[in-house]
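I have placed the structure first, in the form of structure tokens, so that the comments after it can refer back to it.
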2 protein chains.
Amino acid sequence: MRKGDETRSRLLEVAEAAVLAKGFGGTSIDELIAETGITKSGFFYHFRDKNELAKALIQRYIENDNRIYDEIFGRARELMDDPLQSFMLGLKMLSELLSDLPNGHPGCLVAGFCYYERLFDREIQEINREAALTWRRRFRGMFEEIMVVYEPREPLDVDQLADMVSTVLEGGIVLSKALKEPNSLSDQILVFRSFIKLLFRPRFS
Amino acid sequence: MRKGDETRSRLLEVAEAAVLAKGFGGTSIDELIAETGITKSGFFYHFRDKNELAKALIQRYIENDNRIYDEIFGRARELMDDPLQSFMLGLKMLSELLSDLPNGHPGCLVAGFCYYERLFDREIQEINREAALTWRRRFRGMFEEIMVVYEPREPLDVDQLADMVSTVLEGGIVLSKALKEPNSLSDQILVFRSFIKLLFRPRFS
DNA sequence: TCCCCTCCTGTACCAGCGGTACAGTATTGT
DNA sequence: ACAATACTGTACCGCTGGTACAGGAGGGGA
């Protein structure tokens, strides 16, 4: 059971890099098996078809993505008692982590896949939707904690505010890719951070 | 000369819809010629290869995109003397225009193309970059006008603030596609609008 | 009227792609 | 030792992007 999993995860690693660079449609199975050193039959032993590869890819990506957010905002929560200060620190840490990536963010598979709806089946679209909803729940939790202590200076829907974090991340990735300026993404996160600072600034200070 | 242009633009129309729904790689030439009622040779008479179709598509998309922004923010500028009020109205009009689309935003070709860098040649990447820079220039102009009259309550880089408009638009499109909630995009624009309101709120009021 | 240019059609062909089918085999855990 | 696991090898299919090239309909200018 172990050797099969090893080959499978090597396939997924190679596939993720290729898909992020060239898109799912632009990535051929022949190319993946050449780099992995496996035969075509071997590939189809692990994945029934290309769609199942897509499913495994996106699931793997989302798990990893969630782990990173858990770590960052978990650490920030440990370091700061105040929920707002903790969130602000988390954004800072996130922006620093992203600006340390030498070639910029490699791209978000969720974004890549949702832009090609009709290429994938409903199951993958549902996985994608669930991922976006998980982001929403995560950040809504943080904003709800903040709002126990701080009153927002503009009346905003908590879900929409939570979605804004994902929006800035996804939009920042697109913009930094289009502009070929890897730092744009972390800059945009810091601009968003300033907005949050303004939103929860105490009324008399 | 006229009949050729007509066929060409019909091809582009059909292609744009297909590419936005299925991605560039997922759109076949056979499919395009079937819907346009042309032969394969006819297609290659108009476009040397698929890459030239991509170039024509993105150029057409960007022209159209710029025209829409010109109209919206131009009208807003006519209706309001104050640059901040005019920008706020523009955002409101944009969000209303987007929420009126029954199936949500069809997707941004700039985002779609920049996510697949290696599928296209440098020329297309340069066109994409120029489009993002044009957005930056457009919105930076507006913020510079605003800052003549209003002092921002947080020190922000004008380019980064201008990029935030594009970020929110691109991120909002991704999020509303992933969530399958067409209204998310216009909601996110209104959240951003609230941030701008906070940023330029007079200090004593 | 003739010719040429634009705008195609038709036919034939190619390699690469995703995918299927299936027989055989080396390695591994029990 | 046995069977399940994890593949390899070979042959094949239809579709895709792309090439090549011959030919023709239709209109505009000489």
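So you know, we letter chains A, B, ... as the sequences are listed, proteins then strands, and number each from 1.
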Return the value, rounded to whole Å, for the distance between atom [atom1] of [X] and atom [atom2] of [N].
X       : N      : atom1 : atom2 : result
B/Phe43 : D/dT19 : CZ    : P     : 11 Å
B/Asp30 : D/dG17 : CG    : C1'   : 9 Å
A/Glu6  : C/dT27 : CD    : P     : 15 Å
B/Glu52 : D/dT19 : CD    : P     : 11 Å
B/Leu32 : D/dG18 : CG    : P     : 12 Å
B/Tyr45 : D/dG17 : OH    : P     : 22 Å
B/Ile33 : C/dT9  : CD1   : C1'   : 11 Å
A/Arg48 : C/dT20 : CZ    : C1'   : 14 Å

Review point. Which residue lies toward the 5' end of DNA chain C, A/Phe24 or B/Gly37, if each is placed at its nearest nucleotide?
Key: B/Gly37
Side chain of [X] only, heavy atoms from C-beta on: which candidate in [options] is closest?
X       : options                : value
A/Asp49 : C/dG19, D/dG18, D/dT10 : C/dG19
B/His46 : D/dT8, D/dG18, C/dC8   : C/dC8
A/Ile29 : C/dG19, D/dG18, D/dT8  : C/dG19
B/Ser41 : D/dC7, C/dG10, D/dT10  : C/dG10
A/Thr39 : D/dT8, D/dC7, C/dG19   : D/dT8

Check your understanding: Any donor-acceptor pair under 3.5 Å between the side chain of B/Lys40 and the base of C/dG10?
Key -> no
Should the ring pair [X] and [Y] be called parallel, tilted or perpendicular, given that the plane angle runs from 0 to 90° and is split at 30 and 60?
X        : Y        : value
B/Phe73  : B/Phe87  : parallel
B/Tyr150 : B/Phe200 : perpendicular
A/Phe120 : A/Phe113 : parallel

Practice item. Under 4.0 Å between any heavy atoms, over every strand shown, what does A/Ser28 touch: base, sugar-phosphate, or nothing? Just pick one. Key: sugar-phosphate
Point to revise | Test item: side-chain donor near acceptor, A/Trp135 and A/Asp65, under 3.5 Å | key: yes
**Study point:** Short side-chain donor-acceptor distance under 3.5 Å, A/Glu181 and A/Ser176
**Key:** no
